[in-house]
Amino acid sequence: RYAVQALLVQKIRGYTQNAKVLGGMEVSRAHKGNPLGTAPFTPLPAAQQRKTLSYVLELFSPRVLDGFARHLLDEMPSERWFDWASNWQFGQRFTYALDSFVTEVRVLALIIALNPERLMRIRDIAARSKEANPFRLHEVFEGFTGAIWAEVLAGRAPLDHLQREVQNAHLSYLANISVQGPPTNLTLNGDTAAPWIGDATALATAELLRLQSAVDALLAAGVDDPTARAHLVRAQRTLREALGEAG
(Lines give C-alpha, C1' and ligand atoms only; values in the text may rest on other atoms or scores of the structure.)
Protein backbone atom coordinates (compact mmCIF):
# COMPACT_ATOMS: atom_id res chain seq x y z
CA ARG A 1 0.00 0.00 0.00
CA TYR A 2 2.71 2.49 0.96
CA ALA A 3 4.84 1.57 -2.05
CA VAL A 4 1.99 2.06 -4.52
CA GLN A 5 0.99 5.32 -2.83
CA ALA A 6 4.56 6.63 -3.08
CA LEU A 7 4.78 5.74 -6.77
CA LEU A 8 1.39 7.31 -7.53
CA VAL A 9 2.34 10.54 -5.76
CA GLN A 10 5.56 10.83 -7.76
CA LYS A 11 3.68 10.19 -11.01
CA ILE A 12 0.92 12.65 -10.18
CA ARG A 13 3.33 15.39 -9.12
CA GLY A 14 4.46 15.57 -12.72
CA TYR A 15 1.02 16.77 -13.76
CA THR A 16 0.38 19.26 -10.96
CA GLN A 17 3.87 20.75 -11.11
CA ASN A 18 3.81 21.06 -14.89
CA ALA A 19 0.46 22.85 -14.75
CA LYS A 20 2.45 25.77 -13.33
CA VAL A 21 4.38 26.05 -16.61
CA LEU A 22 1.29 27.56 -18.21
CA GLY A 23 1.79 31.31 -18.11
CA GLY A 24 5.14 30.58 -16.50
CA MET A 25 8.33 32.59 -16.43
CA GLU A 26 11.97 31.84 -15.81
CA VAL A 27 13.13 33.89 -12.84
CA SER A 28 16.67 35.20 -12.54
CA ARG A 29 18.48 37.12 -9.81
CA ALA A 30 19.84 39.45 -12.46
CA HIS A 31 20.60 42.98 -11.33
CA LYS A 32 20.95 46.30 -13.07
CA GLY A 33 24.06 46.40 -15.19
CA ASN A 34 24.32 42.61 -15.51
CA PRO A 35 26.84 42.04 -18.35
CA LEU A 36 24.78 39.13 -19.71
CA GLY A 37 21.82 41.40 -20.17
CA THR A 38 19.56 38.91 -18.41
CA ALA A 39 16.17 40.17 -17.35
CA PRO A 40 14.67 39.16 -14.00
CA PHE A 41 11.68 37.59 -15.80
CA THR A 42 11.72 35.66 -19.09
CA PRO A 43 8.34 34.34 -20.30
CA LEU A 44 8.42 30.70 -21.38
CA PRO A 45 8.16 30.09 -25.15
CA ALA A 46 4.75 29.30 -26.58
CA ALA A 47 5.96 25.92 -27.87
CA GLN A 48 6.98 24.87 -24.36
CA GLN A 49 3.64 25.93 -22.91
CA ARG A 50 1.71 24.06 -25.61
CA LYS A 51 3.78 20.93 -25.06
CA THR A 52 3.14 21.19 -21.33
CA LEU A 53 -0.60 21.68 -21.82
CA SER A 54 -0.76 18.51 -23.93
CA TYR A 55 1.07 16.63 -21.19
CA VAL A 56 -1.18 17.92 -18.39
CA LEU A 57 -4.31 17.05 -20.37
CA GLU A 58 -3.22 13.39 -20.40
CA LEU A 59 -4.31 13.33 -16.76
CA PHE A 60 -7.91 13.93 -17.89
CA SER A 61 -8.06 11.14 -20.44
CA PRO A 62 -10.56 8.31 -19.79
CA ARG A 63 -7.55 6.00 -20.21
CA VAL A 64 -5.56 7.57 -17.37
CA LEU A 65 -5.62 4.32 -15.33
CA ASP A 66 -5.12 1.91 -18.22
CA GLY A 67 -1.60 1.06 -17.06
CA PHE A 68 -2.53 0.52 -13.42
CA ALA A 69 -2.62 -3.10 -12.22
CA ARG A 70 -6.11 -3.14 -10.73
CA HIS A 71 -5.53 -6.48 -9.02
CA LEU A 72 -3.18 -4.66 -6.63
CA LEU A 73 -6.18 -2.95 -5.04
CA ASP A 74 -7.13 -6.29 -3.45
CA GLU A 75 -3.65 -6.53 -1.95
CA MET A 76 -3.58 -3.07 -0.33
CA PRO A 77 -5.51 -3.21 2.96
CA SER A 78 -4.97 -0.52 5.56
CA GLU A 79 -3.12 -1.38 8.77
CA ARG A 80 -5.51 -1.84 11.69
CA TRP A 81 -3.23 -2.73 14.57
CA PHE A 82 -3.62 -0.35 17.49
CA ASP A 83 0.00 0.31 18.33
CA TRP A 84 2.45 3.22 18.18
CA ALA A 85 3.07 2.71 14.45
CA SER A 86 -0.58 2.64 13.38
CA ASN A 87 -2.25 5.65 11.73
CA TRP A 88 -5.62 3.98 11.15
CA GLN A 89 -8.69 5.78 12.53
CA PHE A 90 -12.32 4.79 12.96
CA GLY A 91 -14.31 5.67 9.87
CA GLN A 92 -11.30 5.37 7.54
CA ARG A 93 -11.84 3.24 4.46
CA PHE A 94 -10.25 -0.22 4.59
CA THR A 95 -9.89 -0.39 0.81
CA TYR A 96 -7.53 1.89 -1.12
CA ALA A 97 -9.49 4.86 -2.51
CA LEU A 98 -7.72 5.00 -5.88
CA ASP A 99 -10.60 6.61 -7.77
CA SER A 100 -11.06 9.34 -5.15
CA PHE A 101 -7.32 9.99 -5.25
CA VAL A 102 -7.33 10.42 -9.03
CA THR A 103 -10.32 12.78 -8.89
CA GLU A 104 -8.68 14.91 -6.18
CA VAL A 105 -5.50 15.24 -8.23
CA ARG A 106 -7.42 16.07 -11.39
CA VAL A 107 -9.32 18.83 -9.59
CA LEU A 108 -6.07 20.17 -8.13
CA ALA A 109 -4.46 20.35 -11.58
CA LEU A 110 -7.57 22.10 -12.90
CA ILE A 111 -7.48 24.68 -10.10
CA ILE A 112 -3.77 25.33 -10.67
CA ALA A 113 -4.17 25.76 -14.43
CA LEU A 114 -7.24 28.02 -14.17
CA ASN A 115 -5.95 30.12 -11.30
CA PRO A 116 -6.95 33.77 -11.96
CA GLU A 117 -3.39 35.04 -11.58
CA ARG A 118 -2.13 32.42 -14.04
CA LEU A 119 -4.81 33.29 -16.58
CA MET A 120 -3.91 36.95 -16.28
CA ARG A 121 -0.25 36.16 -16.97
CA ILE A 122 -1.11 34.07 -20.02
CA ARG A 123 -3.13 36.97 -21.41
CA ASP A 124 -0.47 39.57 -20.63
CA ILE A 125 2.45 37.51 -21.96
CA ALA A 126 0.61 36.85 -25.23
CA ALA A 127 -0.17 40.55 -25.61
CA ARG A 128 3.47 41.59 -25.49
CA SER A 129 5.01 38.50 -27.08
CA LYS A 130 7.17 38.88 -30.18
CA GLU A 131 6.41 35.33 -31.29
CA ALA A 132 4.36 34.86 -34.43
CA ASN A 133 1.94 32.53 -32.64
CA PRO A 134 1.98 33.15 -28.89
CA PHE A 135 0.28 30.85 -26.40
CA ARG A 136 -3.18 32.28 -25.81
CA LEU A 137 -5.87 32.04 -23.18
CA HIS A 138 -8.44 30.27 -25.33
CA GLU A 139 -6.08 27.31 -25.77
CA VAL A 140 -6.30 26.56 -22.05
CA PHE A 141 -10.09 26.73 -21.83
CA GLU A 142 -10.67 24.80 -25.05
CA GLY A 143 -8.01 22.24 -24.16
CA PHE A 144 -9.50 21.31 -20.80
CA THR A 145 -13.03 21.16 -22.18
CA GLY A 146 -11.90 19.00 -25.07
CA ALA A 147 -10.05 16.54 -22.82
CA ILE A 148 -12.59 16.29 -20.00
CA TRP A 149 -15.69 16.15 -22.20
CA ALA A 150 -14.22 14.34 -25.23
CA GLU A 151 -16.88 11.63 -25.30
CA VAL A 152 -19.80 14.02 -24.87
CA LEU A 153 -18.46 16.38 -27.53
CA ALA A 154 -18.21 13.37 -29.85
CA GLY A 155 -21.83 12.40 -29.14
CA ARG A 156 -21.10 9.49 -26.80
CA ALA A 157 -22.41 8.97 -23.27
CA PRO A 158 -19.81 9.23 -20.45
CA LEU A 159 -19.84 5.69 -19.07
CA ASP A 160 -16.75 6.02 -16.88
CA HIS A 161 -17.55 7.27 -13.36
CA LEU A 162 -14.14 8.94 -13.02
CA GLN A 163 -14.83 11.01 -16.10
CA ARG A 164 -18.23 12.02 -14.77
CA GLU A 165 -16.69 13.16 -11.48
CA VAL A 166 -14.17 15.46 -13.13
CA GLN A 167 -16.86 16.74 -15.51
CA ASN A 168 -18.91 17.85 -12.51
CA ALA A 169 -15.92 19.68 -11.04
CA HIS A 170 -15.02 21.30 -14.36
CA LEU A 171 -18.58 22.44 -14.95
CA SER A 172 -18.80 24.01 -11.49
CA TYR A 173 -15.50 25.80 -11.99
CA LEU A 174 -16.51 27.19 -15.38
CA ALA A 175 -19.81 28.39 -13.93
CA ASN A 176 -17.93 30.07 -11.09
CA ILE A 177 -15.69 31.95 -13.51
CA SER A 178 -18.55 32.87 -15.82
CA VAL A 179 -21.07 33.98 -13.23
CA GLN A 180 -19.65 34.65 -9.81
CA GLY A 181 -15.88 34.99 -9.75
CA PRO A 182 -13.98 34.68 -6.48
CA PRO A 183 -14.99 36.66 -3.40
CA THR A 184 -13.40 40.09 -3.25
CA ASN A 185 -11.87 39.32 0.14
CA LEU A 186 -10.22 36.05 -0.99
CA THR A 187 -6.55 36.01 -0.07
CA LEU A 188 -3.66 33.83 -1.18
CA ASN A 189 -0.59 33.84 1.08
CA GLY A 190 -1.78 37.09 2.60
CA ASP A 191 -2.21 38.85 -0.77
CA THR A 192 -5.56 39.73 -2.26
CA ALA A 193 -6.32 37.26 -5.03
CA ALA A 194 -6.46 38.52 -8.59
CA PRO A 195 -10.00 38.91 -9.94
CA TRP A 196 -11.25 36.94 -12.91
CA ILE A 197 -10.31 38.94 -15.98
CA GLY A 198 -12.91 39.75 -18.62
CA ASP A 199 -11.37 37.46 -21.23
CA ALA A 200 -11.48 34.52 -18.82
CA THR A 201 -15.13 35.20 -18.01
CA ALA A 202 -15.99 35.39 -21.70
CA LEU A 203 -14.13 32.19 -22.55
CA ALA A 204 -15.72 30.32 -19.65
CA THR A 205 -19.14 31.38 -20.92
CA ALA A 206 -18.23 30.25 -24.45
CA GLU A 207 -17.24 26.82 -23.12
CA LEU A 208 -20.50 26.55 -21.17
CA LEU A 209 -22.42 27.26 -24.38
CA ARG A 210 -20.33 24.68 -26.23
CA LEU A 211 -21.11 22.06 -23.59
CA GLN A 212 -24.79 22.97 -23.47
CA SER A 213 -25.11 22.31 -27.19
CA ALA A 214 -23.34 18.93 -26.89
CA VAL A 215 -25.29 17.79 -23.82
CA ASP A 216 -28.65 18.83 -25.28
CA ALA A 217 -27.91 17.01 -28.53
CA LEU A 218 -26.81 13.84 -26.74
CA LEU A 219 -29.89 13.73 -24.52
CA ALA A 220 -32.16 14.41 -27.49
CA ALA A 221 -30.60 11.45 -29.31
CA GLY A 222 -31.18 9.22 -26.29
CA VAL A 223 -28.85 7.73 -23.68
CA ASP A 224 -29.38 4.10 -22.69
CA ASP A 225 -27.22 3.98 -19.57
CA PRO A 226 -29.32 5.23 -16.60
CA THR A 227 -26.40 6.71 -14.63
CA ALA A 228 -24.90 8.47 -17.64
CA ARG A 229 -28.33 9.84 -18.52
CA ALA A 230 -28.88 11.11 -14.98
CA HIS A 231 -25.43 12.73 -15.02
CA LEU A 232 -26.19 14.51 -18.29
CA VAL A 233 -29.59 15.69 -17.05
CA ARG A 234 -27.90 17.19 -14.00
CA ALA A 235 -25.24 18.80 -16.21
CA GLN A 236 -27.98 20.19 -18.44
CA ARG A 237 -29.68 21.83 -15.46
CA THR A 238 -26.39 23.26 -14.18
CA LEU A 239 -25.59 24.68 -17.62
CA ARG A 240 -28.99 26.31 -17.95
CA GLU A 241 -28.77 27.86 -14.50
CA ALA A 242 -25.24 29.18 -15.11
CA LEU A 243 -26.02 30.59 -18.52
CA GLY A 244 -29.31 32.01 -17.32
CA GLU A 245 -27.53 33.98 -14.61
CA ALA A 246 -24.80 35.00 -17.04
CA GLY A 247 -27.42 36.31 -19.46
Return the set of residues passing side-chain hydrogen bond (donor to acceptor under 3.5 Å, both in side chains) with [X] (not counting sequence neighbours), or none when no residue passes.
{"X": "N133", "value": "R50"}
{"X": "E131", "value": "none"}
{"X": "D225", "value": "none"}
{"X": "R123", "value": "none"}

To the nearest 0.5 angstrom, please state how far the [atom1] atom of [X] sits from the [atom2] atom of [Y].
{"X": "T145", "Y": "Q167", "atom1": "OG1", "atom2": "CD", "result": "10.5 Å"}
{"X": "L208", "Y": "R240", "atom1": "CG", "atom2": "CZ", "result": "14.0 Å"}
{"X": "H170", "Y": "L110", "atom1": "NE2", "atom2": "CG", "result": "6.0 Å"}
{"X": "L243", "Y": "L209", "atom1": "CG", "atom2": "CG", "result": "5.0 Å"}
{"X": "Q5", "Y": "Q10", "atom1": "CD", "atom2": "CD", "result": "10.5 Å"}
{"X": "F135", "Y": "L53", "atom1": "CZ", "atom2": "CG", "result": "5.0 Å"}

Which residues pass the side chain to side chain contact (heavy atoms under 4.5 Å, CB included) test with [X], not counting sequence neighbours?
{"X": "A204", "result": "F141, L174, I177, S178"}
{"X": "A132", "result": "none"}
{"X": "I111", "result": "V107, Y173"}
{"X": "E142", "result": "H138, E207, R210"}

Heavy-atom nearest pair, E139 first then R136, reads OE2-N, 3.0 Å
Show me the side-chain donor-acceptor pairs of residues 12-30 shorter than 3.5 Å, one per line, residues at least two apart or across chains.
residue	atom	partner	partner atom	Å
T16	OG1	R13	O	3.4
N18	ND2	G14	O	2.6
S28	OG	A30	N	3.1

Compile the donor-acceptor pairs under 3.5 Å between side chains in residues 151-166 and protein atoms, sequence neighbours left out, one pair per line.
residue	atom	partner	partner atom	Å
D160	OD2	L162	N	3.2
D160	OD2	Q163	N	3.0
H161	NE2	D99	OD2	2.6
Q163	OE1	R106	NH2	3.3
Q163	NE2	F60	O	2.8
Q163	NE2	I148	O	3.2
R164	NH1	P158	O	2.9
R164	NH1	L159	O	3.1

Apart from L108 itself, its cluster of hydrophobic side chains linked below 4.5 Å comprises I112
Among the clusters formed by ILVMFWY side chains lying less than 4.5 Å apart, do L171 and L114 turn up in the same one? yes
Looking at Q49 and L44, would you say the former's side chain and the latter's main chain have a donor-acceptor pair under 3.5 Å?
yes
